[in-house]
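Below: one structure, written as structure tokens.
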Amino acid sequence: AAQAAPPGDRDVIANLWSWNWNSVARECADHLGPAGYGGVQVSPPQDSLTRGGAVWWDVYQPAGYTLTSKFGNESQFAAMVRACHDAGVKVYADAVVNHMTGQGSTSYGGASFTKYTYPGLYSAGDFHYYAEDCGNSDNLIHGGDYAGSARNVQNCELVGLSDLETEEPYVRGAIAGYLNRLIALGVDGFRVDAAKHTSPADLGDVYGRLNGSPYIYQEVIYGPGEAVQPGQYTGIGDVLEFQYGRYLREKFHGNIADLRTFGETWSGMQPSGRSVTFVANHDTERGSGALSYKDGPVYRLATIFQLAWNYGTPQVYDGFTWSDREAGPPHTNGFVRDAVCGAGWECLHRDPAITGMVRFHNAVRGAPVANWSSPNSDVIAFSRGAGGWIAINNGTGSYTGTFPTGLPAGTYADLTGSGAVTVNGGGQATVTVPARGAVAIVTGGTTTPPAQVPVTFGV
Ligand code: AAO
């Protein structure tokens, strides 16, 4: 029986959303492993509705649990897991198990289906309905249900997606069978999609059927006063911390000095040890409440802060470049093409300042924030114990100042790439922090700049 397990020594997760399996495999070997990432999150691997490449969201409508998808086939998926493991990178799969497809009739893998009938897997009796399960006669979750009705949130249909009757032993077994097949291929854990829409009791039962100890983190979007709360799920796994990115957007568009107390005491936030944090994900970058790559250097700087701060398991997000929020990734006949950074794909995770901060994060894990200083509302600096120190400047001009670092005297290389830092015998350093940039140093054998990883990807 499996439960949530801690993610290991190197815990930064790259979320390579919508990347195909061949590209993830190469990225693990050429970039993620060498840079010190501990894991990669990949898109839903099961067969799904096909909209022929026109939209990104068809993959969130499972048509069955075979492993041909717009991202590749089962052998490509298995090869990707092996390549990532060879590079020391764990693989976390996006698990869409709350529902099945609510529209269409054909899949990427060539299956035929109708809503509520997925041959060889589920039939009409395996789904929630009005009025036995769901209190709305149209079978849909209504906006007002979030505030008042856990029953409707969990037993009606999310945007019309056939809602699995997860109380049923057959359904629980079928979902666990799918996840166990992924585990057998080497998958190390799951992002559980739409977890809010399945009760913790049902999900807990499914997790209890899993082999090994997969790491489980669940998508339960926090909303103030909602009937279903992330805290109801922290007993069975970790949760994605949605308040985290909302607050970072607010503060990086305002006063970053407020971040001094950022963490569990802030309204709606979950315990650090149960949280996976992110500045953006594929939904929030298409909404209005979070930073995204479209915010440019501010997005990058918020990610630098995320990797420096002592809270949760950090996830660094990258997807494809978009202007139409529904449009799918670059594709051929619906099947996703290899990712090419800078040509249709965003690759913040390769940015030298970000990989430097992955090293920083790994070097100071667990050490408390100390030596806080903030000379103005755009500049903050703090140490992580006596093992690392960072200054962050969200201003549009560079900032020069003298800061207490808490580090031993010496000369350190800035991991974000802006030169050397000298700490004096009193633990102070005078540094120039670039506009919308940072200076970050660590002790303990990592004072030389990170080697540049040769770019062989996409050539
Ligand atoms: C597509 C079409 C639909 C069609 C449907 C079925 O777009 O028109 O009806 O097919 O044929 C994705 C797309 C959907 C797409 C779906 C299936 O986003 O557009 O539908 O694939 O292809 C809720 C859920 C959350 C979910 C989110 C989108 O709780 O789990 O809606 N996210 C995941 C995935 C997502 C995916 C699915 C689930 C489905 O990440 O990509 O959908 O597999 C409040 C609630 C949240 C609720 C949101 C939106 O949040 O708290 O629980 O999320 O509302 O309804 C403030 C508030 C906060 C609020 C938030 C967002 O921050 O504080 O409370 O704003 O409004």
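For ligands, and for the atoms within them, numbers begin at 1 and follow the listed sequence.
The two residues S162 and K115 come nearest to each other via the heavy atoms OG-CG, 3.2 Å. Scanning both residues, Y60 and P44, for their nearest heavy atoms gives CE2-CG, 3.8 Å. Of all the heavy atoms in R436 and N394, the pair that sits closest is NE-O, 3.0 Å.
With W322 as the aromatic partner, K294 meets the cation-pi criteria of under 6.0 angstrom to the ring centre and within 45 degrees of the ring axis.
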Hey, mind stepping through H282 and F320 against ring pair (Phe, Tyr, Trp, His ring centres under 6.0 Å) and telling me if it holds? CA-CA 9 Å; H282 69 279; F320 57 88; over 10 Å; no
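Counting heavy atoms under 4.0 Å from ligand 1, residue N98 does not touch it at all. At a 4.0 Å heavy-atom cut-off, ligand 1 does not touch E326 at all. Contacts of W17 with ligand 1, taken as heavy-atom pairs under 4.0 Å, are absent altogether. Here R191 has side-chain heavy atoms under 4.0 Å from ligand 1, and that is the only part of it that gets that close. By the criterion of a heavy-atom distance under 4.0 Å, the side chain of Y146, and not its backbone, is placed next to ligand 1. Counting heavy atoms under 4.0 Å from ligand 1, residue V159 touches it through both backbone and side chain.
Looking at heavy atoms from C-beta onward, N155 lies out of side-chain contact with Y129 at the 4.5 angstrom threshold.
Under a 4.0 Å criterion applied to the non-hydrogen atoms of H282, ligand 1 contributes the atoms 34 (C), 35 (C), 40 (O), 41 (O).
The nearest protein atom to atom 59 (C) of ligand 1, hydrogens excluded, is given as R246 NH2, 4.4 Å; this is a heavy-atom distance. Counting protein heavy atoms only, atom 53 (O) of ligand 1 is closest to I221 CD1, 3.4 Å. For atom 28 (C) of ligand 1, the nearest protein heavy atom (residue, atom name, distance) is D283 OD2, 4.3 Å. If you check which protein heavy atom lies closest to atom 42 (O) of ligand 1, you get Y60 CB, 4.6 Å. Looking only at protein heavy atoms, the nearest one to atom 29 (O) of ligand 1 is H197 NE2, 2.6 Å. If you check which protein heavy atom lies closest to atom 13 (C) of ligand 1, you get W56 CH2, 3.5 Å.
The stretch residues 245-310 participates, sequence neighbours left out, in no disulfide (SG to SG under 2.5 Å) pair at all. Applying the disulfide (SG to SG under 2.5 Å) test to every pair with at least one member in residues 93-200, sequence neighbours left out, gives these pairs: C134-C156.
Taking the six-membered ring for Trp and thresholds of 30 and 60 degrees, F305 and F262 have ring planes inclined between 30 and 60 degrees apart.
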